[in-house]
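The basis for the numbers below is simple: all heavy atoms, side chains too, and nothing from hydrogens, waters or symmetry mates.
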Amino acid sequence: MSPTASPTTAPALRVRVLWVALVLMLLVAQSLLVWLTLDYESGRAQDRSAEVAAQSAGELRRQAQQLLESVQVLVWSPGAEAAWRHESLGLLRERRALLRLERRDDQLRLLSASDTPYGAAPFSAMSRRALELELAPTCALAARTSTPTFSRSYFMPQPAGQGQEVVDLCFAVEGGARYVVATVSLPELLEKVAAGTRGEHELSLVEPDGTRLARAGNLRGQGVYQATRLVSLPGLSLLLRADAVAGRPGLIPNLAIALVLGLSLSLLGVVGLLVRDIRRRSAAEHAVAEALAFRRAMEDSLVTGLRARDRDGRITYVNPAFCAMVGWDAESLVGQDTPPYWPPERVDDYRRRQAERLQLGADDNAQRQGFETLFMRRNGERFPVMIYEAPLRDREGRHTGWMSAAVDVSGERRMEELSRQQQERLQASARLATVGEMASLLSHELNQPLAAIASYATGSLNLIDAPDEDPAALKDLLRQALTRIAEQAERAGRVIKSVHGFVRRRDGAREALAADQLVEAVLPLVRLQARKSGTRIEVALPRPVPRVWADRTMVEQVLLNLTRNGIQAMDEATPAAERVLHIEVVQTHPRWVRFTVRDAGPGIPPEVAARLFTPFFTTKTEGMGLGLSLCRTVIEQHGGALDFGPPPGESAGRGTEFRFTLPVPESPPRKPADNPP
Ligand code: ADP
């Protein structure tokens with residue numbers, strides 16, 4: 001491996017080498033198998049030829065012996081000519097290999113002869129005399145050894161160009177007084193031998209010099225597997241050759257090896273397929289592992305808590321963010337159906353709601369929008385969480401449980417609480433500012449009744465001291481004075497009460513209120529303010545008076561702010577006769593009621609309008625600049641809207657109109673439902 005090779009190439013190379021080795025081994029094994037089989041087959045064929053040659057040689061000897069013995073019988077039969085002829089013909093008929101039987105005298109002169117009844121007569125194409133050259137030495141040997149003796153073979157022509165190799169078998173009777181000569185056809189003899197073989201070989205008789213004398217059996221010997229045996233007969237030695245019909249075995253010599261080859265090739269194929277399958281599998285496994293790692297990394301890096309539950313509500317999975325949120329580790333959460341992060345005081349509630357929800361099943365979509373609930377950290381701290389749930393399904397789409405995403409919203413809730421408190425503080429300071437402003441007005445207003453009370457009191461005291469007064473008239477005068485005092489005191493009380501009611505902080509509870517109640521509650525203070533600048537107040541209320549769903553104090557404050565702004569706007573530029581503040585209530589929609597405060601002041605220039613609702617924006621030296629921003633907040637908290645513009649039909653610069661809407665209490669907003677965990 002080169003030093004720059006990546007670490008993955010080494011195993012890949014090894015695998016490749018292994019593969020090459022496997023294929024090579026398989027090839028070698030196959031070739032060896034073929035070679036061994038071929039070798040074995042050739043050996044077997046060769047052995048078979050040798051076996052056939054040996055068997056045939058034995059058979060040839062046996063046949064020759066039988067022939068010899070059967071002729072022997074005839075030799076010893078002393079019968080007369082007719083009997084001999086009869087017997088010899090019978091023998092010729094019986095043994096096809098015998099072509100002719102002759103009786104000869106001691107000088108080998110022919111006495112009588114019988115020819116085979118099969119085929120053409122022997123010695124018809126060439127005379128017997130011309131062909132009996134071998135006879136004399138053969139018979140001499142037979143007489144000398146007293147043993148039937150075979151002559152050397154010779155060719156006996158026959159008509160039509162035919163002919164065959166024959167031998168003479170000479171029997172010497174009584175030491176050479178007579179002779180019996182049998183002419184034996186070598187092809188016929190060999191045919192008889194070949195009949196005993198299975199036709200897989202060609203049998204030949206050959207002379208030691210290679211000349212073929214006769215052949216029989218299956219005549220298609222290939223010359224590949226040959227075996228030769230020497231057959232020794234008395235006076236004659238012949239070579240018998242067995243030549244197998246089968247040639248050299250082919251490359252696929254037999255069915256077995258073809259099967260083995262086929263099987264090993266299929267084995268190679270199967271191994272190849274398996275390898276491909278394994279490759280695919282490992283690729284798939286790799287992809288799954290990647291996906292798993294990605295999923296794990298994703299779950300671990302999520303800041304959202306994840307929790308899975310089965311259909312019995314038992315936790316089956318939580319991610320690290322969830323564990324960090326509640327403070328328990330995964331081991332102590334998984335498998336729980338009453339998790340430790342349920343606050344103990346709510347466990348019964350949660351369990352009941354969980355059971356209800358489990359009954360709803362997977363088709364309930366309500367949970368997807370999310371709901372808020374309360375969990376407990378390990379240190380006992382309760383905290384709000386938003387839960388978003390979705391049903392979990394397996395591969396077949398069966399519902400197996402729920403997956404929930406949990407978001408800790410305690411931070412958001414803290415922020416909301418902080419801003420709410422800030423709002424409240426702002427509203428309180430705005431109220432105080434308004435009150436401060438009004439304090440001087442109040443002192444002026446209270447001065448009048450107090451001065452009146454003081455002067456009535458002084459008058460009364462003087463009356464009591466006056467001596468010449470008629471007691472009845474005195475009593476009458478005193479009653480009048482005291483009644484005035486009581487009236488003035490009551491008036492002063494009303495003034496103070498209206499301020500007190502406004503400043504006092506009350507719970508922001510909303511209630512159904514008649515619109516005129518709201519307007520009339522602020523009217524004394526508005527009038528008080530208007531009187532200073534000589535402004536007229538006009539109120540227009542519809543009949544029947546619509547009702548609104550509102551926080552009384554807040555809305556009163558809005559009305560006070562708007563009316564005060566209107567009155568102040570008309571303070572300077574508007575001629576005294578035109579100073580009119582118009583308050584109007586209209587139900588514009590079955591669900592909405594609109595309040596309008598209209599003045600005849602100089603209007604709001606665009607640069608002021610752009611910043612009107614910015615907190616602390618004011619154009620007045622003594623102003624706080626909080627009024628309008630608070631007003632809008634209050635109205636929007638009620639679900640309504642606050643806007644402004646020139647009064648309808650008037651051009652810009654001729655008055656201003658502030659409008660806000662409040663909902664009617666037909667369908668008071670329900671309390672948010674308490675959700676299951
Ligand atoms: P403040 O009254 O303390 O100044 P506000 O928020 O109530 O604070 O008003 C902000 C400014 O808006 C005022 O200073 C004034 O310039 C302008 N404004 C409010 N109402 C009117 C009105 N009806 N006509 C003209 N200008 C107005």
Side-chain angles (χ1 to χ4, degrees), residues 42-68 71 95-100 116 119 122-123 125-126 130-135 137-138 141-142 147-158 161-170 181-248:
S42 327
R44 231 174 46 147
Q46 186 60 52
D47 288 354
R48 179 81 190 125
S49 293
E51 194 186 327
V52 168
Q55 267 177 10
S56 303
E59 181 63 21
L60 188 65
R61 260 192 297 274
R62 216 169 52 82
Q63 289 291 336
Q65 190 60 36
Q66 274 182 10
L67 203 72
L68 202 142
V71 178
R95 300 210 171 250
R96 274 188 90 121
L98 285 177
L99 296 180
R100 184 183 173 95
T116 179
F123 305 112
M126 193 181 255
L131 292 170
E132 60 182 32
L133 294 176
E134 293 290 330
L135 194 57
T138 308
L141 188 61
T147 313
T149 305
F150 285 94
S151 73
R152 280 182 53 198
S153 73
Y154 60 92
F155 186 75
M156 183 188 76
Q158 278 182 312
Q162 300 276 306
Q164 55 182 314
E165 203 72 24
V166 295
V167 286
D168 288 335
L169 173 56
C170 189
V181 177
T183 305
V184 179
S185 158
L186 286 181
E188 285 297 336
L189 196 63
L190 198 59
E191 203 62 60
K192 199 93 170 146
V193 173
T197 65
R198 277 191 272 154
E200 293 165 349
H201 289 80
E202 177 180 339
L203 296 181
S204 312
L205 284 174
V206 283
E207 283 190 328
D209 65 359
T211 318
R212 180 151 66 185
L213 304 176
R215 59 181 194 152
N218 191 334
L219 299 186
R220 286 181 287 125
Q222 297 289 313
V224 180
Y225 302 113
Q226 290 184 336
T228 311
R229 273 296 171 114
L230 185 69
V231 184
S232 290
L233 299 171
L236 177 65
S237 284
L238 288 171
L239 286 175
L240 187 136
R241 190 169 69 202
D243 185 0
V245 170
R248 249 175 225 299

Novice: Using modelled atom types only, decide if a donor and an acceptor are shared between the side chain of Gln222 and the backbone of Arg220 within a distance under 3.5 Å.
Specialist: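 Yes; judged by distance alone, with no hydrogens or angles, the pair exists.
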Novice: Is there a side-chain contact between Val193 and Leu203, using heavy atoms and a 4.5 Å cut-off?
Specialist: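 Side-chain contact under 4.5 Å: yes.
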Novice: Looking at every heavy atom in both Ser49 and Ala244, which two are closest together, and how far apart are they?
Specialist: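 Reported closest heavy-atom pair: OG-CB, 3.6 Å.
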Novice: For Pro187, give me all partners under side-chain contact (heavy atoms from CB on, under 4.5 Å), at least two apart in sequence or on another chain.
Specialist: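 Checked Pro187 against side-chain contact (heavy atoms from CB on, under 4.5 Å); matches are Gln164, Ser185, Ala214.
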Novice: What pairs with Gln55 under side-chain contact (heavy atoms from CB on, under 4.5 Å), at least two apart in sequence or on another chain?
Specialist: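 Once residues adjacent in sequence are excluded, the partners of Gln55 under the side-chain contact (heavy atoms from CB on, under 4.5 Å) criterion are Glu51.
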Novice: Which pairs of donor and acceptor atoms, one on a side chain in residues 205-213, lie under 3.5 Å apart (sequence neighbours left out)?
Specialist:
from   : atom 1 : to     : atom 2 : distance (Å)
Asp209 : OD1    : Thr211 : N      : 3.0
Asp209 : OD1    : Thr211 : OG1    : 2.7
Asp209 : OD2    : Thr211 : OG1    : 3.1
Arg212 : NH1    : Glu202 : OE2    : 3.1

Novice: Contact between Val181 and Leu135 at the side-chain level, heavy atoms closer than 4.5 Å - yes or no?
Specialist: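 A side-chain contact exists here, since the closest heavy-atom pair is under 4.5 Å.
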Novice: Check side-chain hydrogen bond (donor to acceptor under 3.5 Å, both in side chains) between Arg62 and all other residues, then give those that pass, not counting sequence neighbours.
Specialist: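 For Arg62 the side-chain hydrogen bond (donor to acceptor under 3.5 Å, both in side chains) partners, ignoring immediate neighbours, are Glu59.
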Novice: State whether the number of non-hydrogen atoms from other residues, nucleotides or ligands found under 6.0 Å of Arg152 atom CZ is greater than 12.
Specialist: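 Incorrect, the count does not exceed 12.
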Novice: Can you find a pair of side-chain heavy atoms, one from Tyr154 and one from Asp168, that are under 4.5 Å apart?
Specialist: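 Yes, their side chains come closer than 4.5 Å.
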Novice: Excluding sequence neighbours, so at least two apart, what forms side-chain hydrogen bond (donor to acceptor under 3.5 Å, both in side chains) with Ser151?
Specialist: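 Residues passing side-chain hydrogen bond (donor to acceptor under 3.5 Å, both in side chains) with Ser151: none at all.
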Novice: For Asp243, give me all partners under side-chain hydrogen bond (donor to acceptor under 3.5 Å, both in side chains), at least two apart in sequence or on another chain.
Specialist: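 Once residues adjacent in sequence are excluded, the partners of Asp243 under the side-chain hydrogen bond (donor to acceptor under 3.5 Å, both in side chains) criterion are Gln226.
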Novice: May I have the step-by-step check of side-chain contact (heavy atoms from CB on, under 4.5 Å) for Lys192 and Leu189, ending in yes or no?
Specialist: CA-CA 5 Å; Lys192 199 93 170 146; Leu189 196 63; 5.5 Å; no
Novice: Rounded to the nearest 0.5 Å, what's the gap from CG on Leu219 to NE2 on His201? Could you check?
Specialist: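 Separation between the atoms: 13.5 Å.
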Novice: Where is the tightest heavy-atom contact between Ser153 and Leu236, given as atom of each residue plus distance?
Specialist: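 Smallest interatomic distance, heavy atoms only, reads N-CD1, 4.4 Å.
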Novice: If you count the non-hydrogen atoms of other residues, nucleotides and ligands that lie under 6.0 Å from CZ in Arg229, is the total more than 12?
Specialist: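 Open: at most 12 neighbouring heavy atoms sit under 6.0 Å from CZ of Arg229.
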Novice: How long is the span from the CD atom in Glu188 to the CD atom in Gln63, to the nearest 0.5 Å?
Specialist: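 Between Glu188 CD and Gln63 CD, I get 11.5 Å after rounding to 0.5 Å.
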Novice: Atom CG of Leu60 and atom CG of Leu238: how far apart are they, to the nearest 0.5 Å?
Specialist: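 If I round to the nearest 0.5 Å, the distance is 7.0 Å.
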Novice: Hey, are the side chains of Leu240 and Thr228 touching, using non-hydrogen atoms and a 4.5 Å cut-off?
Specialist: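 No - every pair of side-chain heavy atoms lies 4.5 Å or more apart.
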Novice: On a heavy-atom basis, which atom in Phe150 and which in Val167 lie closest, and how many Å separate them?
Specialist: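 Of all heavy-atom pairs spanning Phe150 and Val167, the closest is CD2-CG2, 3.9 Å.
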Novice: With rounding to the nearest 0.5 angstrom, report the CG to CZ distance, Asn218 to Arg198.
Specialist: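 Separation between the atoms: 13.0 Å.
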Novice: Looking only at the side chains, is there a donor atom on one of Asp47 and Tyr225 sitting less than 3.5 Å from an acceptor on the other?
Specialist: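 The answer is no; no qualifying pair exists.
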Novice: Pro148 and Leu68: which non-hydrogen atoms are nearest, and at how many Å?
Specialist: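 Nearest heavy atoms, Pro148 then Leu68: CG-CD2, 3.6 Å.
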Novice: Any chance you could lay out the side-chain contact (heavy atoms from CB on, under 4.5 Å) test for Val166 and Leu99, step after step, and finish with the verdict?
Specialist: CA-CA 9 Å; Val166 295; Leu99 296 180; 3.5 Å; yes
Novice: With side-chain contact (heavy atoms from CB on, under 4.5 Å) as the test, would you mind laying out the steps for Arg48 and Glu200 before giving the verdict?
Specialist: CA-CA 9 Å; Arg48 179 81 190 125; Glu200 293 165 349; 3.4 Å; yes
Novice: How long is the straight-line distance from CG of Leu141 back to OG1 of Thr149, given to the nearest 0.5 Å?
Specialist: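 Thr149 OG1 to Leu141 CG: 4.5 Å, rounded to 0.5 Å.
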Novice: Compare every heavy atom of Pro122 with every heavy atom of Thr116, then report the nearest pair and how far apart it is.
Specialist: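 That closest heavy-atom pairing would be CG2-CD, 4.3 Å.
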Novice: So which heavy atom on Pro157 is nearest to which on Leu131, and how close?
Specialist: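 Heavy atoms of Pro157 and Leu131 come nearest at CD-CD1, 3.9 Å.
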